[in-house]
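When a residue number appears, it is its place in the shown sequence, counting from 1.
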Amino acid sequence: MSEDGALTFPDAPRAELDQALSTLVDLAQHVTSTQGRLRALLRANQAVVEHLDLSTVLRTIVETAVELVDARYGALGVLAPDGRLEQLVQVGMSASEVEAIGHLPKGIGLVGALTDEQRPIRLRHLGDDPRSQGFPAGHPPMDSFLGVPVRVRGSVYGNLYLANQSTGEFSAEDEQLVTALAGTAGIAIDNARLFADAQQKQAWAAASAEITAALLSSEQEDFVELLTSRTLSLASADLVCIVRPTDDPQKLVIETARSRGENTLEGTLFPAAGSIAASVIEGGQPRLIDEIEALETVHTPGRMPGPTMAIPLVASSAVHGALVVSRSPGGGRFRPADLEMAADFAGRISVAMQLATARADQQRMVLFEDRSRIARDLHDHVIQQLFATGLELQNVARALSPGTIADRVTRSINTLDSTIARIRTVIFAISRAHGETPTVRNRIIDLARELADALPPDPRIEFSGPVDLVITDSLAEDIVAVAREALTNVVKHASAQHVSLAITVTELRVTLEVTDDGGGAAEVKRRSGLANLEQRAVDHGGTFAFGTEKGRTSLVWSVPIDEPSEHQNEGAVS
């Protein structure tokens, strides 16, 4: 007790009491801080697990981690199966800064070390670690660093990166909190993936049922268009193509294309070499490539290379094309489940293509049967009636005295003969069966159709005698070549209003005659243009004549039957 009677304590015990009280206050503050951070972790876990959309989950993880440890920057890098970074969700950098960087991290330095070691890495200064590789141009400066792997079902799904803690350094508690958050994040990511898979499978199943119903319906015509449109939507793709081989083995063609933007790809030819479509068509096995592989090795027509899957279109045990499904760069890689579901659709596309071919063949058969019926009716009824009428007119002409009336009847008989010949030509034209080797008569008719737009209207084509029986092999080739040259000359030089082509076969000769009412060709042009036709006649031991006068030009090409030239005989002997 002091001299004035006040109660006092010794200095030593008082100092100990003050220290104990200070320690107690510090412990209380630490407990309070720890409770606060635990509450923050609980809130963070709740925020992470309450979403089912994968992209939302990934962004929520990064935003929550940044807030939990008071960091300036945060990112979640999603790893591809080969360990490369395929997607980066970041928080803290502006859009202009992201654009200035322009590409994903290459997976080297600390980013690669975190992937390789698969354990947390905490640094006070990034530059102090020898594995640090610096930053690309346009990247904001970063100092303190905390990296934690995110595991899904025991495998590393990606890495959570945090930088620039507000106090200047990440603590051990920060590492523990972020590690705990990463564990919850792995569960949330797995749930989101399972939910997305379930939704996608449900959508594919519904579309599959729709397509099956459409295939069984006779009302739906364009199955391939329907299938490609559904594939574009269900696969979240930017481009779906059906690629088919061409006559040129070095080229492929995009037969059908559906895209989310302007579609101008249908009918596009592109090199087969180096394309994923060619490898699938040749190997008969589906392929799945990510964005980096597409960029380095495989070309997708019409787009910048992005994640792509390709499935062969198999019909009757043969590969007839490929279904190529692509996303734009940065669109996220396809997974094996996507490939499996797309393969189911590819099988249905093959069935649809077979059905389309079968229906087209059926329609052609109906058309050919209808043409055959018309041909029979023309031959059995119309021609016979015209022939009978001609015979009746001949009897009438014999009973008439020579004069104007007899001449008119004779002209009518000639007109009937010409009409019968033209009807017979029509019968041959419409009765040719699909896939049947064309006869010379069919080839001449096809030639007239080919040049119809350039020739005078209604060209007259006539055949007389056993044309298809006699004119075969090399003689048929020469006849068609001469007819083409003659009709082409009419187009080029004649300015005619009428043209006729007649092929006559007698017991001894085959004669092709082309006449028109045009002005003919100049002499110089005539000799240079028709010399080849004359040589073809000489090769068969025949003759060639060309004449032109005002209002009439004629070409007569005539060769004997079964009398080859000396040149042909020499060739046969040698």
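- With values rounded to the nearest 0.5 angstrom, Thr308 atom OG1 is found 10.0 Å from Arg327 atom CZ.
- The nearest pair of heavy atoms linking Ser236 to Arg260 is CA-NH2, 3.9 Å.
- In terms of modelled atom types and a separation under 3.5 Å, the side chain of Arg484 and the main chain of Leu447 share no donor-acceptor contact.
- Atom-to-atom distance recorded for Arg258:CZ and Leu232:CG is 9.5 Å, nearest 0.5 angstrom.
- Checked by atom type and distance alone, the side chain of Arg460 never pairs as donor or acceptor with a backbone atom of Ala502 at under 3.5 Å.
- Residues Ile276 and Ser279 come closest through the heavy atom pair O-OG, 2.7 Å.
- For the pair Pro459/Ser500, no side-chain contact is recorded, criterion being any heavy-atom separation below 4.5 Å from C-beta on.
- Using a 4.5 Å cut-off on side-chain heavy atoms (C-beta onward), Phe544 and Val482 make no contact.
- Residues Ser275 and Ala272 approach most closely at OG-O, 2.9 Å, considering heavy atoms.
- Remark: Arg287 CZ to Leu339 CG distance equals 11.5 Å, nearest 0.5 Å.
- Closest heavy-atom contact between Thr543 and Arg509: OG1-NH2, 4.0 Å.
- Here the side chain of Trp557 pairs a donor or acceptor atom with the backbone of Leu533 at under 3.5 angstrom.
- Listed here is the closest heavy atom pair of Val280 and Ala322: CG1-CB, 4.2 Å.
- Screening Asp468, Ile445, Ile471, Thr472 for a side-chain contact (heavy atoms from CB on, under 4.5 Å) with Thr439, the sole residue that qualifies is Asp468.
- Asp478 is not listed as a side-chain neighbour of Val559, based on a closest heavy-atom distance of 4.5 Å or more.
- Atom CD of Gln535 has more than 12 neighbouring heavy atoms from other residues, nucleotides or ligands inside a 6.0 Å radius.
- Other residues, nucleotides and ligands contribute only 12 or fewer heavy atoms inside 6.0 Å of the CG atom of Asp453.
- Remark: Asn489 CG to Asp516 CG distance equals 9.5 Å, nearest 0.5 Å.
- With rounding to the nearest 0.5 angstrom, the CG atom of Leu555 is 10.5 Å from the CD atom of Glu534.
- The closest donor-acceptor contact from the side chain of Ser326 to the backbone of Leu239 lies at 3.5 Å or more, if one exists at all.
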For Glu485 and Asn532, run side chain to side chain contact (heavy atoms under 4.5 Å, CB included): C-alpha distance rounded to whole Å, both residues' side-chain angles, the deciding distance at 0.1 Å, then the answer.
CA-CA 9 Å; Glu485 179 68 23; Asn532 183 49; over 6 Å; no
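- Leu512 approaches Ile479 most closely through the heavy-atom pair CD2-O, 4.1 Å.
- Ion pair Arg443/Glu450 not flagged as a salt bridge, since none of the NZ, NE, NH1 or NH2 atoms sits closer than 4.0 Å to an Asp/Glu carboxylate oxygen.
- From Thr256, atom OG1 reaches atom CD of Glu266 across 5.5 Å, with rounding to the nearest 0.5 Å.
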Intermediate values then yes/no, side chain to side chain donor-acceptor pair (under 3.5 Å), Thr504 and Ser464
CA-CA 5 Å; Thr504 303; Ser464 178; 4.9 Å; no
